[in-house]
Structure formats: structure tokens, C-alpha cells
Amino acid sequence: MRLLATGAKDDPVVPAVSRVKGLKLQIRVEPRKRLLDRFCGFCILGVLNLKITVKRKNKIVAQVRLPIAFNAASNTHETKIPFGESVQQDVRAIRERDPAATSDVEVMLLYSGLHATLAHRAAHALQMKGHRFTARFVSQSARMLTGVEIHPGAKIGKGLFIDHGTGVVIGETTEIGDNCTIYQGVTLGGTGKDVGKRHPTLGNNVMVGAGAKVLGPVKIGDNVKIAAGAVVLQDIPDNCTAVGIPARIVRRGNMKIADLDQIHIPDPVSQELCRLQHRIELLEMAQNKMKNGDDQNETV
């Protein structure tokens, strides 16, 4: 029997015919007559129609249609909310944070970051119900369509905005709070040395700049700004701004941080070099004073 991917035998959706030679199993999303009906069925009603076909020598042996209904979750706290409400929150978040968004229809139909988020909510619901193979099938299909790879096991809160989206990777044990913003090229991944919980945990209202990498089971606090290109390897407390490789905290405060200017940002390496240069100048002045004093004593 040929399967679409390895590990399919462990999925409850896959029938017991997986041990019979010569059979071919196909799992695909059931098409609808109109694209709008298909989109609404998936995104608004929270229904994913799967068509499972078993073939032998290109002849259909069995065929099953499996409608799967699911709820979205604010996964940070695993609080169930209606899927339609979750879509509205995601669309509203994009409209508030992206000045290029002109209408809800434009956001729903043309924003790949939203499509990736919606597909993840479906995949995560399938994962929680034990349909691991089908969940990975949905997530990998979304990756091919949107360029965003989110593991079905990741827990994502409401109001996530993935801007542009290309190259974004979110690992299996990642947890993302509410109202976070992630730009293109961001990796929320592991270091390869941890087991169990091996991916980051992001708090609420976190902004991760383009190309930034957050690696390992680190904790990022609420209202944190991570500059473009930064590599975060340690925990960052609430209300901080981190930049550089490795990332260093350059701003800290009890109040919510204003929007980060990703061009005119402080350079911690340059600041450290300036401090070292100032220290060297002080030492040279002290050395010159000591040398002048010795010369005067020799003259006397």
C-alpha cells in the first residue's frame, strides 16, 4: 500500500487496509462547486470535508467522505471560542496593524499570513483529536500554499498577525500569546539540544522583527519588541526591547514600549566599543600623569 506520508498508520482516520499490499490511499479536501462556498465552509463554519479513497489497480475499492467540525482555541490557555469569532479577531488584528489593508474582504482572500493561521487552527484541532497524520497533511499543504510552516502542535492565541509570511517557521512546542506580530523570515525553533518543551514561549503583544530567530525553550515576556535580525537565546522579561546577535536588552521599563523603529535602533556592540574606548583614554591619561611625575622626580 502507498501512503501520502510516513506515520499514516498511526492516524485514526486511516483505515485498517494499510497492511494490504497493492492498495493506494488518497486523502484530499472535498471540492465544492464554488470557491466561495469552499472558503466559507473552512474559514467561517469551521468544517473541513475530507475525502478518503482506497484504490487497487486504479479502481476504487472504497470511498468515504468525512466532515470534521472543529472549534478554534486561544491556545495559550486552551480556551475554546467559536471559529467564526476567531476569524473576526484575526482579521481585525490585521486591519489595525497593517496600513495597507483596505477591507476585510481583501484581508480574508489575499493575506497569506491569515490563511496560514486559519489552516493551523484546523490542523491543531485535528491534532488534539488524535488525527496526527491528517493534521500534518493540512499544515504541509498550507506551507506549500503560503510559505509559512506551523507545526500542528503549536499553541497560538487570538489576534496573531503574520505579515508577508514567507519563510516563517513555528515549531511543535511553541506557545504564542494574544495579539502578537511576526514578520517574514522569523524562526521560532529549537537548538537541537532540548527534549520535551524545546521551542519558545511568547507572551502577549510581542513583536518579532523580520529575520529574527528565537531558539530554544526561552520565555519572551509581554510587550516585548525583538528587532529585525536578532538571535534570542535567553529569556527576555516584560516590556523590553532586544537587538543584536546574540540579542541584548537595550530598553527596559514598566510602561508599555512604543512601536519599535526597526531602522534607527541602538547598536549594543557599538555602545560597548565606545565604553571601552573611553576607558582606554582614561587609562592613558592616568599613565601619562604617572610618567610625568616620575620625570619631575628624576630632574630634582
Side-chain angles (χ1 to χ4, degrees), residues 75-77 97 113 116-117 120 124 139 143 147-157 159-276:
N75 291 316
T76 305
H77 307 289
R97 292 177 231 163
T117 302
H120 168 73
H124 182 75
S139 67
R143 179 185 65 82
V148 179
E149 182 171 355
I150 309 176
H151 193 282
K155 299 178 181 179
I156 297 179
L160 174 65
F161 175 29
I162 302 177
D163 197 7
H164 301 293
T166 302
V168 170
V169 178
I170 300 176
E172 179 182 11
T173 60
T174 301
E175 299 179 29
I176 301 177
D178 297 336
N179 303 314
C180 293
T181 302
I182 296 176
Y183 289 89
Q184 68 273 12
V186 168
T187 298
L188 305 180
T191 61
K193 300 179 180 179
D194 302 291
V195 294
K197 172 63 174 171
R198 58 193 185 278
H199 298 106
T201 298
L202 274 60
N204 300 323
N205 305 309
V206 174
M207 191 281 291
V208 186
K213 315 298 177 185
V214 186
L215 305 177
V218 298
K219 294 184 179 180
I220 309 301
D222 296 341
N223 308 316
V224 167
K225 311 294 183 183
I226 299 175
V231 178
V232 180
L233 301 174
Q234 296 179 347
D235 295 352
I236 300 178
D238 296 346
N239 306 313
C240 289
T241 301
V243 306
I245 303 175
R248 296 176 175 85
I249 296 174
V250 296
R251 186 173 180 184
R252 186 194 305 261
N254 295 325
M255 299 181 64
K256 183 176 178 180
I257 296 176
D259 291 339
L260 175 65
D261 182 351
Q262 298 190 58
I263 298 177
H264 303 95
I265 58 177
D267 185 351
V269 176
S270 177
Q271 292 175 347
E272 186 65 25
L273 290 175
C274 289
R275 282 193 289 267
L276 290 174

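Keep in mind the model is a prediction, meaning the values are calculated, not measured.
- Considering CZ of R248 and CD of Q234, their distance stands at 10.0 Å, rounded to 0.5 Å.
- T173 OG1 to R198 CZ: the interatomic distance, rounded to the nearest 0.5 Å, is 5.0 Å.
- Taking each heavy atom of Y183 and V168 in turn, the nearest pair found is O-CG2, 3.5 Å.
- Side-chain contact check for P237 versus I249: some heavy-atom pair is nearer than 4.5 Å.
- Side-chain contact between N205 and D222: absent, with no pair of heavy atoms (C-beta onward) separated by less than 4.5 Å.
- Residues H164 and T166 form no side-chain contact, since every pair of their non-hydrogen atoms from C-beta on lies 4.5 Å or further apart.
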Please report, to 0.1 Å, the donor-acceptor pairs under 3.5 Å made by any side chain of residues 208-219, with sequence neighbours excluded.
residue	atom	partner	partner atom	Å
K213	NZ	G185	O	2.8
K213	NZ	T187	OG1	3.4

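- Evaluation of the side chain to side chain contact (heavy atoms under 4.5 Å, CB included) rule for S139 yields A123, R136, P152 as partners, not counting sequence neighbours.
- Closest of all the heavy-atom pairs between A247 and V232 is CB-CG2, 3.7 Å.
- Annotation: the span from L160 atom CG to L202 atom CG amounts to 9.5 Å, rounded to 0.5 Å.
- Interatomic distance, I220 CD1 to I226 CD1, rounded to the nearest 0.5 Å: 4.5 Å.
- If you take CE on M207 and SG on C180, they are separated by 11.0 Å, rounding to the nearest 0.5 Å.
- Annotation for I170 and A154: closest pair CG2-CB, 4.0 Å, computed over non-hydrogen atoms.
- Proximity of a side-chain donor or acceptor of R275 to a complementary backbone N or O of L273 within less than 3.5 Å is not detected.
- The backbone N or O of K225 lies less than 3.5 Å from no partner atom in the side chain of T241, so there is not a single donor-acceptor pair.
- To the nearest 0.5 Å, atom CD1 of residue I176 and atom OG1 of residue T117 are 8.5 Å apart.
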**OP:** Mind running side-chain hydrogen bond (donor to acceptor under 3.5 Å, both in side chains) on T174 and H199 for me, showing each step along the way?
**Re:** CA-CA 5 Å; T174 301; H199 298 106; 4.5 Å; no

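- Between the H151 side chain and the G153 main chain, a donor and an acceptor come within less than 3.5 Å of each other.
- The closest donor-acceptor contact from the side chain of N204 to the backbone of D178 lies under 3.5 Å.
- Contacts of R97 classified as side chain to side chain contact (heavy atoms under 4.5 Å, CB included), with partners at least two apart in sequence or in another chain: A93, F161, N179, T181.
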